[in-house]
Amino acid sequence: MELIWYAVFALLLVGYFALEGFDLGVGMLLPLIGGDQRGRDRLVAAMAPFVLANEVWLVAVAGTLFGAYPMLEGEVLFGLYPLVVAMLLAWVVRDAGLWFRRRADGARWRSFWDAMITVGSLGLAFGWGVALYAAATGFDASLLHPAGLLLGVVVTLVLAWHGWTFLGWRAPEAAGITRSGRALALSGAAAALPAAAVVGGALPYLLEHSAPSPTLSVLSVMVLPFAPVMVLAQVWVWRTFRPGKGPVRTLSFF
């Protein structure tokens, strides 16, 4: 049972980086390739149908961490407390930008919230790199360790590339580039690689800190039946909004 939940946790974490990674990448690229307001609208519209479905993966990661590895909850929150707070603020700022940017007219209003999307996306991408290094070192290293900061930069650049590739696949006319589904899969694998490396190296540590088998059995009965629903939702989103299913339009809520 411990191995099953380890596999679930690893799949959810890797899936989050592969999927939500391009949302963060697009957010970081808004001021670089968005051009004018109309151009930024089209970039946001390209990722808009995927955002909520992709964020579900992070919620599932958090739920699995606290349910299957309760002994790690305090260690993670204590060891990464300043970083966790900063990343939560970045997440709120990024999502607030997505929700509020079209709630009123005016160039300044839209430009401000577009900037918040970029700032929040940058904060999350960089923060994830630092968090992964901290997790790989057992939360013993300083959050300002040069290697951790370097990994933050690397993750930021990789996610930006993933977002750029996504735009070339989903909205080439808006991004000015064309990329294939194979290229998107490659960039998604690259985006997920740091998380896969960390969680792979943490196998003995996670197994040691797993919840008792009876608890994991109860969690399996309560949670795992909903896994196909999440997978089917992802399949529906990707089939419905794949390239060739009509022009990219700005959704009313984004």
Side-chain angles (χ1 to χ4, degrees), residues 7-35 39-58 60-61 94 98 117-118 121-122 124-126 128-129 132 151-201 227-251 254:
V8 170
F9 179 73
L11 177 62
L12 291 173
L13 185 63
V14 169
Y16 169 77
F17 275 85
L19 295 171
E20 178 69 2
F22 67 73
D23 290 341
L24 300 179
V26 172
M28 290 186 282
L29 293 174
L30 280 184
L32 299 179
I33 65 175
R40 292 193 294 273
D41 286 347
R42 292 181 66 81
L43 297 187
V44 172
M47 70 169 175
F50 302 89
V51 171
L52 295 180
N54 292 343
E55 287 185 334
V56 169
W57 289 76
L58 180 58
V61 167
R94 196 283 298 259
L98 290 171
I117 294 173
T118 300
S121 299
L122 276 169
L124 281 171
F126 182 80
W128 273 116
L132 288 176
L151 184 57
V153 173
V154 170
V155 170
T156 299
L157 293 176
V158 171
L159 295 188
W161 172 53
H162 189 26
W164 181 72
T165 306
F166 168 79
L167 291 173
W169 171 80
R170 171 79 174 113
E173 71 286 350
I177 56 173
T178 301
R179 292 292 179 268
S180 65
R182 183 175 298 179
L184 180 61
L186 176 62
S187 66
L193 184 59
V198 170
V199 77
V229 177
M230 190 169 73
V231 173
L232 289 174
Q234 285 286 338
V235 172
W236 178 84
V237 168
W238 282 85
R239 284 184 58 85
T240 302
F241 297 102
R242 67 186 185 274
K245 300 300 287 185
V248 174
R249 303 183 186 277
T250 303
L251 299 188
F254 280 173

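Computed from a prediction, not measured in an experiment: that's the story for all the values here.
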- Do any N or O atoms from the side chain of Arg242 and from the backbone of Arg239 form a donor-acceptor pair under 3.5 angstrom? yes
- What closest approach, in Å, do Ala46 and Arg170 show between heavy atoms, and which atom pair accounts for it? O-NE, 3.3 Å
- Which heavy atom of Leu132 sits nearest a heavy atom of Ala195, and at what distance? CD1-N, 3.9 Å
- Message: With side chain to side chain donor-acceptor pair (under 3.5 Å) as the rule and sequence neighbours excluded, what pairs involving residues 178-197 come up?
- Response: His162-Ser187
- Message: Does anything in residues 12-28 form a side chain to side chain donor-acceptor pair (under 3.5 Å)? List the pairs, not counting sequence neighbours.
- Response: Tyr16-Trp128, Glu20-Arg94, Asp23-Asn54
- Message: Measuring from atom CG of Leu13 to atom CZ of Phe17, what distance do you get when rounded to the nearest 0.5 angstrom?
- Response: 5.5 Å
- Query: Do you know the tightest heavy-atom contact between Pro49 and Val237?
  - Reply: O-CG1, 3.7 Å
- Item | Rounded distance (nearest 0.5 Å) linking atom CZ of Phe166 with atom CH2 of Trp161 | 15.0 Å
- Message: I need the minimum non-hydrogen distance between Gly27 and Ile117, along with the two atoms involved.
- Response: CA-CG2, 3.9 Å
- Separation between CG of Leu184 and CH2 of Trp164, rounded to the nearest 0.5 Å: 12.0 Å
- For Ala125 and Thr156 the tightest heavy-atom approach is C-OG1, 3.7 Å
- Message: Between Leu151 and Val155, is there a side-chain heavy-atom distance shorter than 4.5 Å?
- Response: yes
- Query: How many angstroms lie between atom CG of Leu124 and atom CE of Met28, to the nearest 0.5 angstrom?
  - Reply: 9.5 Å
- Tell me, with the steps shown, if Val56 and Leu52 meet side-chain contact (heavy atoms from CB on, under 4.5 Å). CA-CA 7 Å; Val56 169; Leu52 295 180; 6.0 Å; no
- Item | Residue pair Ala175 / Leu167: nearest heavy atoms and the distance that separates them | CB-CB, 3.6 Å
- Query: Can you tell me how far CG of Leu24 sits from CG of Leu29, rounded to the nearest 0.5 angstrom?
  - Reply: 11.0 Å
- Message: Return the CG to CH2 distance between Leu11 and Trp57, rounded to the nearest 0.5 Å.
- Response: 5.0 Å
- Task: Only pairs at least two apart or in different chains count here, so list each side chain to side chain donor-acceptor pair (under 3.5 Å) that has a residue in residues 25-34.
- Result: none
